[in-house]
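Please see the structure below; I have some questions.
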Amino acid sequence: NPVPVITIDGPSGSGKGTVTQMLARRLGWHLLDSGALYRLTALAAVRQGVSFDDHAGLVQVAASLDVRFEPTPAGEPVRVVLSGEDVTREIRTEAAGDNASKVAVVPAVREALLQRQRDFRQAPGLVADGRDMGTVIFPDAPTKIFLTASAEERAERRYRQLKEAGHDVKIDALLDEIRARDDRDMNRSAAPLKPADDAQVIDSTGLSIEEVLEKVMAASGQA
Ligand code: C5P
């Protein structure tokens with residue numbers, strides 16, 4: 001596939017969501033927030049009364065997701081519309097992230113979302129954010145980044161993000177949740193969170209988002 005892709009994988013709170021949005025905007029490329037698809041699958045399952053143990057049901061939900069990602073002004077998160085309803089805020093809670101990681105362990109759910117993700121690869125290019133973008137979804141991507149940061153710093157960032165968005169959260173609880181989610185993401189058998197062999201690892205601990213963006217641009221030859 002000649003359409004270029006920059007994959008940005010890493011644990012939650014590593015800054016990859018923000019960096020992906022800034023990079024896509026700067027390059028004028030498309031954006032894939034793959035985590036949103038898992039968050040939406042979990043949310044739709046809850047709404048339809050499908051249990052997370054019902055794998056066939058989850059596959060059905062994933063395959064029939066009616067979702068639109070709508071552009072927003074610079075600096076604002078992409079608007080996520082599920083079956084006609086704006087769920088942008090709802091899918092960003094820690095509970096939604098935790099539920100996402102529970103449906104994401106099911107191989108058939110990942111399979112059901114595979115082609116939908118690959119379809120985002122359209123000219124002039126794609127910046128894709130997730131856990132398995134470089135390892136499974138776009139193994140031929142010319143540029144693969146793995147973005148990390150210490151768990152403490154990631155908890156701190158999530159805390160500030162959620163506070164700003166008006167959510168009431170506690171930092172200790174966030175740190176516990178981040179560790180539990182990392183653990184689930186790294187230790188599952190289907191597409192576990194890990195850098196691709198040919199990924200460039202960037203540690204964002206102590207860096208500002210602008211500094212991370214510069215490093216990612218340099219690593220992708222776009223600086
Ligand atoms: O990136 P985000 O925090 O939105 O992802 C939510 C959850 O979805 C992750 O914790 C992970 O379990 C799952 N996920 C995944 N593969 C991806 C993206 C997200 O398994 N490519």
Side-chain angles (χ1 to χ4, degrees), residues 5-21 24 31-46 52 55 58-59 61-62 65 67 69 77-80 82 87-121 126-139 141 144-149 151 154-155 157-159 161-162 165 167 169 174-196 199 204:
V5 186
I6 299 174
T7 60
I8 305 187
D9 289 306
S12 59
S14 59
K16 66 196 161 56
T18 310
V19 166
T20 299
Q21 286 208 19
L31 179 158
L32 166 60
D33 171 5
S34 62
L37 295 174
Y38 292 96
R39 288 168 183 265
L40 288 160
T41 299
L43 177 63
V46 169
F52 292 171
H55 294 183
L58 288 179
V59 166
V61 170
L65 273 185
V67 57
F69 295 95
V78 172
R79 188 177 305 110
V80 184
L82 176 66
V87 295
T88 314
R89 271 177 59 100
E90 194 163 353
I91 60 163
R92 290 300 148 205
T93 64
E94 282 307 296
D98 201 56
N99 282 344
S101 78
K102 290 178 184 160
V103 304
V105 299
V106 182
V109 168
R110 310 194 67 84
E111 188 63 34
L113 294 173
L114 187 103
Q115 194 55 46
R116 197 190 280 262
Q117 296 176 78
R118 290 195 175 144
D119 289 344
F120 277 79
R121 186 173 193 169
L126 174 68
V127 188
D129 149 11
R131 302 292 184 291
D132 62 343
M133 298 296 97
T135 50
V136 176
I137 309 296
F138 304 109
K144 300 180 183 178
I145 309 286
F146 193 85
L147 202 57
T148 62
R154 291 186 286 121
R157 289 181 191 160
R158 287 295 287 150
Y159 178 77
Q161 251 180 18
L162 289 167
H167 296 288
V169 281
L174 269 180
L175 185 56
D176 287 348
E177 279 166 14
I178 279 189
R179 290 209 166 106
R181 184 133 70 92
D182 284 355
D183 205 56
R184 195 179 297 131
D185 289 349
M186 290 188 295
N187 294 311
R188 68 186 178 210
S189 53
L193 170 65
K194 62 161 190 220
S204 71

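Side chains included, hydrogens not; waters and symmetry mates left out as well; all remaining heavy atoms used. One is the number of the first residue; the rest follow in order along the sequence. Counting convention: from 1, in listed order, for ligands and their atoms alike.
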When distances are taken from atom 18 (C) of ligand 1, the protein heavy atom at minimum range is Ser34 OG, 3.4 Å
I need the atoms of ligand 1 closer than 4.0 Å to a non-hydrogen atom of Asp185, numbered in the order shown. 9 (C), 10 (O), 11 (C), 12 (O)
Kindly identify the option in Arg39, Arg110, Lys102, Arg131 whose heavy atom sits closest to atom 20 (O) of ligand 1. Arg110
Strictly by modelled atom types, are Ser101 and Arg181 linked by a side-chain donor-acceptor pair under 3.5 Å? no
With heavy atoms under 4.0 Å as the rule, classify the contact between Ser101 and ligand 1 as side chain, backbone, both or neither. both
I need the Leu82 CG to Thr41 OG1 distance, nearest 0.5 Å. 9.0 Å
With side chain to side chain contact (heavy atoms under 4.5 Å, CB included) as the test, pick out the partner of Arg154 among Leu174, Asp182, Leu175. Asp182
Ignoring hydrogens and geometry, is there a side-chain-to-backbone donor-acceptor pair from Thr88 to Val80 under 3.5 Å? yes
Are a donor atom and an acceptor atom from the side chains of Ser204 and Arg157 found within less than 3.5 Å of each other? yes
First locate atom NZ of Lys16, then atom CZ of Phe146, and finally report the distance between them rounded to the nearest 0.5 Å. 9.5 Å
Indicate the atoms forming the closest heavy-atom contact of Pro139 with Arg118, along with that distance. CD-NH2, 4.5 Å
Using heavy atoms and a 4.0 Å limit, tell me yes or no: is Met133 in contact with ligand 1? yes
Nitrogen or oxygen of Ser12 less than 3.5 angstrom from that of ligand 1: no
Which of the numbered atoms in ligand 1 are below 4.0 angstrom from a heavy atom of Gly130? 18 (C), 21 (N)
When you measure from the heavy atoms of Arg184 to every atom of ligand 1, does any distance fall below 4.0 Å? no
Just to be sure I read this right, does ligand 1 sit under 4.0 Å from the backbone of Arg188, its side chain, both, or neither, counting only heavy atoms? side chain
Count the heavy atoms belonging to other residues, nucleotides or ligands that lie under 6.0 Å from NZ of Lys194, then report whether that count exceeds 12. no
Nearest neighbour in protein (non-hydrogen) for atom 19 (C) of ligand 1: Gly35 CA, 3.5 Å
Tell me, which protein residue and heavy-atom name are nearest atom 8 (O) of ligand 1, and how many Å apart are they? Tyr38 CB, 3.6 Å
Strictly below 4.0 Å, N to O, side chains only: are Arg158 and Glu94 in salt-bridge contact? yes
Under 4.0 Å to a heavy atom of Ala104 - the qualifying atoms of ligand 1, by number: 12 (O), 13 (C), 20 (O)
For Lys16, the ligand 1 atoms whose distance to one of its heavy atoms is below 4.0 Å: 1 (O)
At a 4.0 Å threshold, what atoms of ligand 1 neighbour a non-hydrogen atom of Asp132? 16 (N), 17 (C), 21 (N)
Give me the one residue out of Val106, Asp183, Val105 that meets side chain to side chain contact (heavy atoms under 4.5 Å, CB included) with Arg188. Val105
Starting from atom 6 (C) of ligand 1, locate the nearest protein heavy atom and write down its residue, its atom name and how far away it is, to 0.1 Å. Arg181 NH1, 3.5 Å
Find all atoms of ligand 1 within a distance of less than 4.0 Å from any non-hydrogen atom belonging to Ala100, and give their numbers and elements. 6 (C), 7 (C), 8 (O)
